Amino acid sequence: MYHYESEGVPPNVTNSNSLGSDPSYKEDNEFLKDNGSENPEFIKEIPKKPASAYVTVSLLCLMVAFGGYIFGWDTGTISGFIQQTDFIRRFGQQRSDGTYYLSKVRTGLIVGIFSIGCAIGGIAFSKIGDQVGRRLALVFVTAVYMVGLVISIASINKWYQYFIGRIISGLGVGGIAVYSPLLISEVSPKHVRGTLVSCYQLMITLGIFLGYCTNYGTKNYDNSVQWRVPLGLGFAWALFMIAAMFFVPESPRYLIEKGRMEDAKRSVSQSNKVSVDDPAVVSEVELLHAGIELERAAGSATWDELFSTKGKVLQRLIMGVIIQSLQQLTGANYFFYYGTTIFKSVGLEDSFQTSIIIGVVNFASTFFGIYFVERFGRRRCLLWGAATMVACFVVYASVGVTRLYPNGMDQPSSKGAGNCMIVFTCFFIFCFATTWAPIAYVIVAETFPLRIKAKGMSISVAANWIWNFLLGFFTPFITGAINFYYGYVFMGCLVFAFFYVFFFVPETKGLTLEEVNTMWEENVLPWKSPSWVPPSRRGADYDVAAMSSDTRPWYKKMSS
């Protein structure tokens with residue numbers, strides 16, 4: 001038997017006379033034909049339903065997305081901890097006059113080491129989901145997060161104990177950041193997949209906002225209630241996350257891999273709100289099974305496969321890493337982690353209140369992002385997001401550099417300039433929350449083939465965490481050296497992000513995960529990808545050559 005390596009068009013495109021007349025092509029294509037992927041008449045797609053029909057699956061995916069809430073809660077609370085008197089007294093250093101402070105190094109380590117733990121956890125736990133399933137993997141990594149919380153809560157006056165607790169908590173959250181978007185992308189209908197994966201970011205913003213509110217509520221205490229209560233609530237959120245996993249469906253792709261076909265049908269029917277015996281469910285499961293069998297025929301996936309150019313896997317990995325890195329380099333966490341510190345520097349009397357305002361803007365804006373991702377597509381949202389955030393940073397940095405301290409840094413700041421910077425910070429948060437915040441996770445959740453999906457996502461998200469750490473650790477030093485010129489650094493990164501998305505990120509709106517894989521294999525130019533049509537929906541006059549820069553023959557035979 002033979003299989004075909006795609007060099008422009010997948011085997012199920014039969015509108016070429018030369019290919020259609022090739023006897024060996026017809027013989028070998030029978031396998032795909034028998035599995036329902038030859039032509040539209042062999043496929044019964046699950047129809048798109050009104051929004052009300054997706055309420056159940058949306059609620060289930062929100063339970064999975066609650067993992068994002070756990071991460072957001074940590075982000076929102078730690079920004080306040082480093083400003084709270086009891087926290088500084090216990091874990092800071094004492095000056096000669098008896099007052100306490102957190103050094104830049106210690107602040108950077110306490111804030112940033114969480115992200116290093118996340119990067120390690122995302123990679124270290126990437127195999128668990130393939131062995132025990134996505135749901136049990138989420139239960140396991142959430143339990144790891146809880147262990148870290150216990151260590152942190154038990155800290156009394158040794159900063160390195162709290163430090164160790166944050167590393168272990170990070171290990172768990174790193175695994176959550178891989179498996180929450182992954183499970184959502186695999187159980188959600190393709191018509192609302194982008195929206196539901198974006199709910200992961202929505203829950204992050206909710207966690208950040210409520211974390212800010214909790215800090216505001218505990219800041220007036222003069223003991224460990226300031227920080228132990230928020231940490232204890234994090235424990236409660238983790239318990240809710242574990243309980244929720246017993247109600248959500250398992251990934252049908254994982255179930256098919258394990259030979260549990262009936263369970264896979266039930267999972268698909270539950271997600272799409274149709275009968276288990278519906279022909280569309282049967283067709284969907286058979287298509288998934290055919291794709292998985294083809295991948296299984298190639299052997300078990302290895303880490304080396306991520307760096308293979310076959311099937312453009314390496315190109316996808318590079319894109320995933322860069323998109324996740326650029327999400328951090330937008331500068332959003334500059335405001336989230338150090339919001340209270342920044343707003344003190346612009347003369348605000350209660351910076352905790354301003355952080356709550358930012359949290360509200362961030363949370364409310366994400367609802368727009370959830371709508372935009374399916375309405376306008378991934379590429380257009382990322383491009384507009386990068387362009388508008390550039391404009392916000394131009395104003396923010398320029399005002400901070402030229403107008404905030406008209407009489408010198410040692411003199412009071414200008415209230416008007418400070419208010420202007422707060423306003424454009426809110427504009428920036430709106431632009432970020434509606435575009436790059438949710439869509440970076442949508443991109444990596446849709447990009448990789450199933451056999452290496454968990455591994456590809458873990459490395460991509462690890463890049464996010466590493467930049468998260470670098471920004472969290474070095475921001476106090478950088479702002480101390482160049483102050484608000486730092487905004488120009490993020491502006492430059494956003495200019496790069498705009499051009500990178502235009503030239504390298506394809507549009508995946510409205511496609512199944514298998515169709516996304518086919519589009520990559522067909523070498524579709526990213527700026528032409530919005531008009532790309534999957535093979536199962538093509539007419540006889542579809543012009544494949546116009547979509548690709550590859551002018552080589554469509555197929556070459558390879559012995560298998």
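The analysis underlying the following values was restricted to heavy atoms, covering all of them including side chains, and did not include hydrogens, waters or symmetry mates. Since this is a predicted model, take the numbers as computed values, not measurements.
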TODO: Would you confirm whether the ring centroid of F91 sits within less than 6.0 angstrom of the ring centroid of F81?
DONE: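 So the answer is no for these two rings.
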Task: Sub-6.0 Å ring centroid separation between F66 and Y69 - done: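 Judged by ring-centre distance (under 6.0 Å), F66 and Y69 do meet the cut-off.
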- [ ] In sequence, state the C-alpha distance, the side-chain angles, and the governing distance for Q328 and N464, and then conclude on side chain to side chain donor-acceptor pair (under 3.5 Å).
- [x] CA-CA 6 Å; Q328 285 297 314; N464 185 298; 3.0 Å; yes
Are the side chains of [Y] and [X] in contact, using a 4.5 Å heavy-atom criterion?
X    : Y    : value
I322 : Y500 : yes
V395 : C420 : yes
I208 : N362 : yes
Y254 : D130 : no

Would you check if the side chain of [X] reaches a backbone N or O of [Y] as a donor-acceptor pair within less than 3.5 Å?
X    : Y    : result
R89  : Y100 : no
S458 : K455 : yes
S365 : A433 : no
R135 : P249 : no
R166 : I110 : yes

TODO: Please test Y488 against F484 for ring pair (Phe, Tyr, Trp, His ring centres under 6.0 Å), starting from the C-alpha separation and ending with a verdict.
DONE: CA-CA 8 Å; Y488 293 124; F484 294 106; over 10 Å; no
Open item on the list: Between W465 and V173, does the side-chain contact (heavy atoms from CB on, under 4.5 Å) criterion hold? Intermediate values first, please.
Closed with: CA-CA 10 Å; W465 295 121; V173 171; 4.1 Å; yes
Check whether more than 12 heavy atoms from other residues, nucleotides or ligands sit under 6.0 Å from atom [atom1] of [X], and answer yes or no.
X    : atom1 : result
F427 : CZ    : no
R403 : CZ    : no
Y485 : OH    : no

Give, for atom [atom1] of [X] and atom [atom2] of [Y], the distance between the pair rounded to the nearest 0.5 Å.
X    : Y    : atom1 : atom2 : answer
L326 : F496 : CG    : CZ    : 6.0 Å
I443 : W436 : CD1   : CH2   : 8.5 Å
T388 : L494 : OG1   : CG    : 8.5 Å
L202 : I370 : CG    : CD1   : 4.0 Å
F246 : I242 : CZ    : CD1   : 8.0 Å
I439 : F376 : CD1   : CZ    : 11.0 Å

Task: Ion pair check, R134 and E250, cut-off under 4.0 Å - done: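 So R134 does not pair with E250 through a salt bridge.
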Task: Charged N-O contact under 4.0 Å between E507 and R380 - done: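 Salt bridge flag = no for R380 with E507.
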[Y] and [X] side chains, donor-acceptor separation under 3.5 Å:
X    : Y    : result
Q94  : T99  : no
K453 : S185 : yes
Q324 : S460 : no
Y371 : T195 : no

Open item on the list: Walk me through whether E374 and K509 qualify under salt bridge (charged side-chain N to carboxylate O under 4.0 Å, His left out).
Closed with: CA-CA 7 Å; E374 292 295 352; K509 170 189 170 185; over 6 Å; no
TODO: Begin from the C-alpha positions of Y441 and S180 and carry the test side chain to side chain donor-acceptor pair (under 3.5 Å) through to its verdict.
DONE: CA-CA 10 Å; Y441 288 101; S180 280; over 6 Å; no
Task: Pair T475-Y486, side chain to side chain donor-acceptor pair (under 3.5 Å): steps then yes or no - done: CA-CA 9 Å; T475 288; Y486 200 16; 3.2 Å; yes
- [ ] Determine the interplanar angle of the F368 and F372 rings, folded into 0 to 90°, and report it as parallel if under 30°, tilted if 30 to 60°, perpendicular if over 60°.
- [x]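 Taking F372 first and then F368, their aromatic rings sit tilted (interplane angle of 30° to 60°).
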- [ ] Would you please classify the geometry between the F209 ring and the F363 ring as parallel, tilted or perpendicular, with 30° and 60° separating the classes?
- [x]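 Rings of F363 and F209: parallel, under 30°.
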Open item on the list: The test is ring pair (Phe, Tyr, Trp, His ring centres under 6.0 Å); show your working for F71 and W237 and say whether it passes.
Closed with: CA-CA 10 Å; F71 168 49; W237 310 141; over 10 Å; no
Nearest heavy-atom pair of [X] and [Y]: which atoms, and what distance?
X    : Y    : value
V187 : S251 : CG1-CA, 3.9 Å
S152 : L231 : CB-CD1, 4.1 Å
N215 : T77  : ND2-O, 3.1 Å
I78  : V111 : CG1-CG2, 4.1 Å

TODO: Could you walk me through whether S103 and Q93 pass side chain to side chain donor-acceptor pair (under 3.5 Å), step by step?
DONE: CA-CA 7 Å; S103 67; Q93 296 156 284; 3.2 Å; yes
Task: Derivation of the ring pair (Phe, Tyr, Trp, His ring centres under 6.0 Å) call for F469 and F114 - done: CA-CA 7 Å; F469 166 75; F114 181 82; over 10 Å; no
